[in-house]
There are 2 protein chains.
Amino acid sequence: MPKVISVQALQRLPLYLQYLKTLPDAANISARALGAALGFGEIQVRKDLASVSDGGRPKVGYVVAQLRHDIACALGYDNVNDAVLVGAGRLGRALMSYEGFSDYGLNIVAAFDADPAACGQDDSGKQVFPLEKLPDLCRRMKIEIGIVTVPARAAQGVCELLCESGIRAVWNFAPAHVTVPAGVLLKNENMAASLAVLSQHLAAEDSLSSDSEKEKAT
Amino acid sequence: MPKVISVQALQRLPLYLQYLKTLPDAANISARALGAALGFGEIQVRKDLASVSDGGRPKVGYVVAQLRHDIACALGYDNVNDAVLVGAGRLGRALMSYEGFSDYGLNIVAAFDADPAACGQDDSGKQVFPLEKLPDLCRRMKIEIGIVTVPARAAQGVCELLCESGIRAVWNFAPAHVTVPAGVLLKNENMAASLAVLSQHLAAEDSLSSDSEKEKAT
DNA sequence: ACGCAATCGATAATGTTATATCGATTTCAT
DNA sequence: ATGAAATCGATATAACATTATCGATTGCGT
């Protein structure tokens with residue numbers, strides 16, 4: 001049953017999972033209740049869940065434990081993905097020391113930086129290596145994910161280096177547009193885009209007196 | 001001409017702006033060229049630009065300087081938005097010291113943390129205050145944006161505190177689902193959702209031999 | 001001048017995502 | 001047992017976003 005999961009649904013699944021983790025294993029939950037907790041419609045919830053799970057029971061709902069398992073599997077959280085991080089600046093180090101990634105099957109095995117002064121052992125206990133060592137390490141360890149937290153001007157070069165080193169997915173935090181070869185997935189963590197939504201909301205609200213606003217989330 | 005800007009378009013606008021900044025003021029650019037640089041179709045570019053600018057000229061394209069101005073205005077980058085940040089952990093401090101926000105009209109005026117040990121002056125030069133001082137400062141300075149970088153369990157409480165203090169937009173980095181009153185915009189910076197896309201891509205590619213992959217970006 | 005090529009804008013067609021409707025199934029109370 | 005309430009899943013409709021088509025405008029070379 002490898003059903004199609006729409007891109008939008010895919011991004012909601014982690015939210016369901018997050019919420020389900022706060023519930024006891026043995027519990028059941030209805031699509032309505034789940035939706036209410038997260039601010040989604042119940043039909044949407046059913047559709048999303050239908051694409052990863054083989055269904056709930058009428059009058060009872062879904063089994064929490066089962067659902068958690070199904071979502072985690074669909075998202076690939078069950079098999080750990082090793083990753084490297086490039087750019088041991090503030091953001092890079094913040095990500096390196098973030099414990100929560102292991103919940104999502106992500107394991108940052110090492111970091112790299114062009115600046116020798118940034119190399120050595122990080123507070124998090126992880127090693128920061130000179131950039132030159134990246135290709136070799138990636139190939140030897142068969143790393144598939146590269147996290148980019150370098151300044152904008154260095155981003156494209158780093159991406160290319162990663163791709164040449166066998167990376168298959170790039171998670172780009174640099175405020176720059178980068179291109180990757182076909183076959184490599186590029187996910188921009190686009191703070192500017194998020195800010196745009198915030199900023200525009202405030203600007204718009206200033207002009208017109210918006211009457212009914214619903215809870216809006218992403 | 002306050003035209004409607006679709007949510008999707010809104011999130012692409014910062015990318016255009018980012019790219020336009022690398023171009024000389026006096027230059028012109030066609031929708032085709034702009035699209036090619038960012039990986040979008042030319043028609044989409046025209047539509048996006050049409051919603052913020054009053055048009056380019058045939059055979060010439062758009063005037064770079066004008067376009068930058070129009071996009072910045074549409075996004076509200078022209079009038080600085082003051083913000084406070086709650087949670088001076090690693091991620092919080094990384095954001096505090098990120099210089100680039102000023103390009104987007106965002107100015108983090110102060111940070112707050114429940115832990116007294118975290119208070120005082122940060123490396124970035126900004127002050128970290130005890131959480132109790134938040135409501136007063138927000139009200140006095142008429143702060144409209146709250147950035148939440150606290151652990152998941154504290155997120156909801158902090159959101160409520162912010163909303164009670166007159167905040168009108170919450171930018172939530174905590175890996176937790178939070179709710180806000182109607183009228184307040186909530187934007188979740190959802191790393192788990194991004195990771196889901198990455199992770200699923202890798203898992204999917206492992207099973208089926210995906211033939212033609214196009215560049216995919218967000 | 002004149003025609004050609006580039007480019008835009010508007011409208012139409014397509015695709016994707018969200019919501020609504022409805023019948024079927026299961027539990028629980030009587 | 002039997003009926004009522006809750007809940008699911010499937011199908012249909014509607015909203016939204018992207019891509020295609022086409023005619024109109026402008027600048028440039030001849």
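Below, each value reflects all heavy atoms present in this structure, side chains not excepted, and no hydrogens, waters or symmetry copies. In what follows, chains carry the letters A, B, and so on, assigned in the order in which the sequence lines appear, proteins first and then strands, with residues in each chain numbered from 1.
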Side-chain donor-acceptor pairs of residues 99-109 of chain A under 3.5 Å, sequence neighbours excluded:
unit_1: Ser102(A); atom_1: OG; unit_2: Glu99(A); atom_2: O; d: 3.2
unit_1: Asn107(A); atom_1: ND2; unit_2: Asp82(A); atom_2: OD1; d: 3.1

For DNA chain D, the residues among residues 55-72 of chain B that have a non-hydrogen atom under 4.0 Å from it: Arg57(B), Pro58(B), Lys59(B), Val60(B)
If a protein heavy atom is under 4.0 Å from the base, mark B; if only from the sugar-phosphate, S; if neither, -; do that for nucleotides 10-15 of chain C going 5' to 3'. ------
Scan residues 147-158 of chain A for pairs that pass salt bridge (charged side-chain N to carboxylate O under 4.0 Å, His left out), counting only residues two or more places apart or in two chains. none
Run the side-chain donor-acceptor check on residues 55-68 of chain B: report pairs under 3.5 Å with partners two or more places apart or on a different chain.
unit_1: Gln66(B); atom_1: NE2; unit_2: Asp70(B); atom_2: OD1; d: 3.0
unit_1: Gln66(B); atom_1: NE2; unit_2: Asp70(B); atom_2: OD2; d: 3.3
unit_1: Arg68(B); atom_1: NH1; unit_2: Leu20(B); atom_2: O; d: 2.9
unit_1: Arg68(B); atom_1: NH1; unit_2: Leu23(B); atom_2: O; d: 3.1
unit_1: Arg68(B); atom_1: NH2; unit_2: Asp25(B); atom_2: OD1; d: 2.3

Applying salt bridge (charged side-chain N to carboxylate O under 4.0 Å, His left out), can you list everything that pairs with [X], at least two apart in sequence or on another chain?
| X | answer |
| --- | --- |
| Arg32(B) | Glu42(B) |
| Asp48(B) | Arg12(B) |
| Glu160(A) | none |

Residues two or more places apart in sequence or in another chain: which of them pass side chain to side chain contact (heavy atoms under 4.5 Å, CB included) with Thr149(B)? Leu85(B), Leu91(B), Leu95(B), Ile147(B), Phe173(B)
Excluding sequence neighbours, so at least two apart, what forms side chain to side chain contact (heavy atoms under 4.5 Å, CB included) with Ser97(A)? Ser124(A), Arg90(B)
What residue pairs, at least two apart or across chains, pass ring pair (Phe, Tyr, Trp, His ring centres under 6.0 Å) with a residue in residues 25-56 of chain B? Tyr16(B)-Phe40(B)
Review item, nucleotides 14-16 of chain D N/O atoms under 3.5 Å of protein N/O:
none

Name the residue closer to the 5' end of DNA chain C, choosing between Gly41(A) and Ala31(B) according to the nucleotide with the nearest heavy atom. Ala31(B)
Given atom CG of Asp54(A) and atom P of dC8(D), what is their separation to the nearest angstrom? 14 Å
